[in-house]
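Naming convention: chains lettered A, B, ... in sequence-line order (proteins, then strands); numbering from 1 in each chain.
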Amino acid sequence: MNRQFGLALALLLPIVVLAGNTWMHYQQRIAGESITFPIEGFDPRDLLSGHYLIYRIDYGIDDNGNCPTSDIAASLCLEPERRIYPVDELPQSCTQFIRGNCDSSTRFISGLERFYVPQQYADILDKKVRNKQGKLVVSVDQSGNAGVVDLLIDDRPWKKIVTEE
Amino acid sequence: MISLEKKLLTWLDQGLINQEQLTAIGKYEQRTSGNNNNHWWLYSLLILGSSIISLGIISLIAANWANIPDLVKLGTAFGLLSVLAVTTLWQSKPDSGYMYDALLTAFIILCLAVIGLIAQVFHLSGHWYNALLLWSAITLPTVLFARQLFACFLWSTIFIHAATWGAIALSSGSFSGNNAAQLPALFLLAPLLAAGGYVLTRLSQHLKLFRSSFFFWFQISGLVALIFIDIIRSGGEMRSFELNWYIPAYIVAAILMTMIASNPAYRPLNKGLLISIILLLLLYFHPFILFDGETRYSFNALQDPGGTVNFWTADDIRAPFLTILILFLYATHAGNIGHHRTFNVMTFLIGLRFVILYFQAMGGLAATGVGLILSGLMIIGIAWFWHKSRKRLQHWSEGLHE
């Protein structure tokens with residue numbers, strides 16, 4: 001194989017993979033159904049870690065529907081009943097769900113627990129999330145993949161809030 | 001070059017070389033140094049410049065421009081990546097010199113920046129080592145086309161770190177770096193992985209440029225691992241052991257031993273030495289086989305007045321002897337294959353560990369005047385012994401053949 005052609009392919013590979021990855025996330029964001037969950041901070045842990053907020057998502061699950069055990073792959077069924085199942089026990093009747101796992105403290109982790117923010121707004125947003133004013137807009141597709149769309153403060157996009165303050 | 005000219009003139013004055021030889025040597029040096037050495041500073045500055053530009057781009061992207069739409073951010077990043085790829089391809093002619101490698105390095109750094117940008121725009125959770133493993137996988141083909149060491153060194157460094165943390169996380173399920181009990185597994189895996197990479201690079205000419213990078217990380221991480229485990233076992237600390245934390249290290253060790261045993265480039269003696277080192281290291285990191293975590297020779301009188309501890313069964317005596325044995329085996333291997341600098345460093349470390357062992361075992365004696373005199377004499381004695389014996393030991397290790 002011509003060396004020049006090989007180099008061209010090698011340089012193309014990362015661009016194609018990263019562009020494909022971006023396209024996949026973008027499609028998931030625009031094609032999925034939007035759902036809004038309240039979020040809350042959890043003391044004493046610092047909500048701010050570098051340039052992102054970390055929080056707990058209130059999925060609205062009652063005690064009976066929580067993680068059955070720790071350290072398993074799980075799915076959170078959203079419709080018709082909000083309940084967490086081990087991934088292989090998700091009922092056929094569940095029409096909308098989010099994939100994730102139950103961590104060592106039997107808490108459902110969906111991978112949506114991080115929101116990147118500009119550093120200059122981090123403190124303001126941190127306080128508001130601590131005051132339980134925050135909500136997370138999530139896009140969920142048919143396969144249970146979920147992606148973060150936006151952070152709402154008092155039901156308004158965070159960008160509007162920080163520009164007003 | 002100036003010092004060489006001076007030397008050549010001195011040799012000419014002394015009649016060691018004639019005028020023709022002087023001219024020939026001068027021409028040869030000018031030709032070869034013009035190809036290899038004269039531009040090292042230019043290369044360094046180009047690499048530094050491209051690294052700073054890449055870091056600047058990372059910083060700009062990471063600054064979270066809240067008012068710029070996500071698609072514009074991503075479009076700009078991919079545009080830059082494409083321009084850099086085309087420029088690298090354009091500069092890939094054999095006579096393009098260092099500019100080609102500088103562009104290639106900037107390209108792979110920008111790939112890392114784009115991964116960070118994607119995570120930021122789509123608010124992706126995940127561990128840093130997963131991002132670095134993805135980067136390692138997609139940039140490896142590009143790095144294989146590098147002509148200078150830097151890109152290969154950068155790639156190997158990032159890959160070893162990401163692969164080590166990623167493997168432990170995969171096997172343990174929840175590795176965060178905060179669990180100190182898992183650290184020994186990390187320290188054990190790193191040198192084994194680097195050594196595995198080094199042995200792999202010896203099998204293929206395409207990987208030749210990676211060889212020194214993996215070897216460098218093997219020596220550094222191996223030494224750090226040995227110091228770490230010596231301190232831990234001597235102190236009887238970190239007794240938690242879960243097999244799944246160590247599975248990656250055991251798998252890599254098994255593969256590495258097979259590769260060493262089947263490598264025709266190694267003599268049976270070297271194979272035996274290297275495999276023994278790996279087995280000893282595995283034993284060293286296991287907290288129960290050779291160590292009980294409780295028996296210590298130092299300060300025994302304070303902890304258990306009236307009690308007696310056997311010198312040879314105490315953890316803080318066994319640990320340094322195991323360290324010295326591993327260093328000795330590696331020094332013999334290094335001496336045998338002609339790595340003189342490594343041999344010298346290893347024998348020096350053996351001497352240093354003996355001195356520390358002396359203070360560990362006779363710590364109380366060092367507090368007295370006689371003890372201090374004895375300690376000083378011992379340090380001088382070890383230094384003298386090392387200076388006098390290392391050549392003999394080196395010749396001995398070089399002479400060890402089948």
Side-chain angles (χ1 to χ4, degrees), chain A residues 3-26 28-29 50-54 70-73 100-101 103-105 109-122 136-139 146-151 157-160 162-163, chain B residues 62-68 70-71 73-75 77-94 100 103-104 107-108 110-126 134-146 172-174 176 179:
Chain A
R3 188 179 162 85
Q4 192 89 351
F5 182 65
L7 176 63
L9 282 182
L11 289 165
L12 201 60
L13 175 73
I15 299 176
V16 169
V17 171
L18 294 175
N21 192 256
T22 307
W23 179 251
M24 191 188 76
H25 286 297
Y26 181 70
Q28 190 195 316
R29 182 184 272 188
H51 293 256
Y52 54 83
L53 288 168
I54 42 176
S70 62
D71 296 319
I72 55 162
N101 58 69
D103 69 6
S104 53
S105 47
I109 303 293
S110 57
L112 305 169
E113 294 82 7
R114 183 183 291 190
F115 194 90
Y116 289 88
V117 289
Q119 200 170 21
Q120 68 264 37
Y121 306 131
L136 195 69
V137 183
V138 172
S139 175
V148 175
V149 177
D150 205 356
L151 174 70
W158 69 273
K159 283 183 187 171
K160 285 192 177 172
V162 294
T163 46
Chain B
N64 279 297
W65 307 322
N67 300 322
I68 299 174
D70 291 342
L71 282 179
K73 287 183 202 170
L74 288 165
F78 278 106
L80 275 172
L81 205 57
S82 304
V83 168
L84 211 46
V86 171
T87 319
T88 309
L89 198 61
W90 175 56
Q91 282 289 327
S92 65
K93 296 180 292 293
Y100 166 73
L103 286 166
L104 194 136
F107 176 78
I108 61 171
L110 191 60
C111 285
L112 192 58
V114 173
I115 292 174
L117 180 67
I118 294 169
Q120 200 178 58
V121 165
F122 295 102
H123 306 282
L124 304 177
S125 295
L134 170 68
W135 175 86
S136 304
I138 61 176
T139 57
L140 177 61
T142 306
V143 179
L144 287 173
F145 285 91
S172 63
S174 59
S176 65
N179 186 356

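- Interface residue A/Asn21: only side-chain heavy atoms are found under 4.5 Å from chain B.
- Between A/Ile15 and B/Ala85 the shortest heavy-atom distance is CD1-CB, 3.9 Å.
- When the side-chain contact (heavy atoms from CB on, under 4.5 Å) test is applied to B/Val86, no partner is found at least two apart in sequence or on another chain.
- Considering only heavy atoms from C-beta on, B/Ser125 stays 4.5 Å or farther from A/Leu112 through its side chain.
- For a residue to count as touching a neighbouring chain, one of its non-hydrogen atoms must lie under 4.5 Å from one of that chain's; by this rule A/Val148 touches chain B with backbone and side chain alike.
- B/Val121 has its side chain out of reach of A/Tyr116: every pair of non-hydrogen atoms, C-beta onward, lies at least 4.5 Å apart.
- For the options B/Leu124, B/Leu71, B/Thr88, B/Leu74, heavy-atom pairs under 4.5 Å to chain A are most numerous at B/Leu124.
- Residues that satisfy the ring pair (Phe, Tyr, Trp, His ring centres under 6.0 Å) test with A/Tyr26, not counting sequence neighbours, are absent from this structure.
- Counting only heavy atoms from C-beta outward, the side chains of B/Pro141 and A/Leu9 never approach each other to under 4.5 Å.
- For the pair A/Arg29 and B/Asp70, the tightest heavy-atom approach, listed with the atom from each and the gap, is NH1-OD2, 3.3 Å.
- Among the candidates A/Leu18, A/Val17, A/Leu13, the residue making the largest number of heavy-atom pairs closer than 4.5 Å to chain B is A/Leu18.
- Taking CG from A/Asp150 and NE2 from B/His123, the interatomic distance works out to 7.0 Å, rounded to the nearest 0.5 Å.
- Only the side chain of B/Phe78 has a heavy atom closer than 4.5 Å to any heavy atom of chain A.
- You'll find the side chain of B/Trp135 stays beyond 4.5 Å of the side chain of A/Pro14, heavy atoms only.
- Here A/Leu11 contributes atom CG and B/Thr142 contributes atom OG1; the two are 5.0 Å apart, rounded to the nearest 0.5 Å.
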For this session: May I have the step-by-step check of side-chain contact (heavy atoms from CB on, under 4.5 Å) for B/Phe145 and A/Arg3, ending in yes or no?
Result: CA-CA 9 Å; B/Phe145 285 91; A/Arg3 188 179 162 85; 3.9 Å; yes
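- Using modelled atom types, one side-chain atom of A/Gln4 and one backbone atom of B/Leu89 make a donor-acceptor pair closer than 3.5 Å.
- Using a 4.5 Å cut-off between heavy atoms, B/Leu144 makes no contact with chain A at all.
- The contact between B/Leu81 and chain A is made by backbone and side chain atoms together, counting heavy-atom distances below 4.5 Å.
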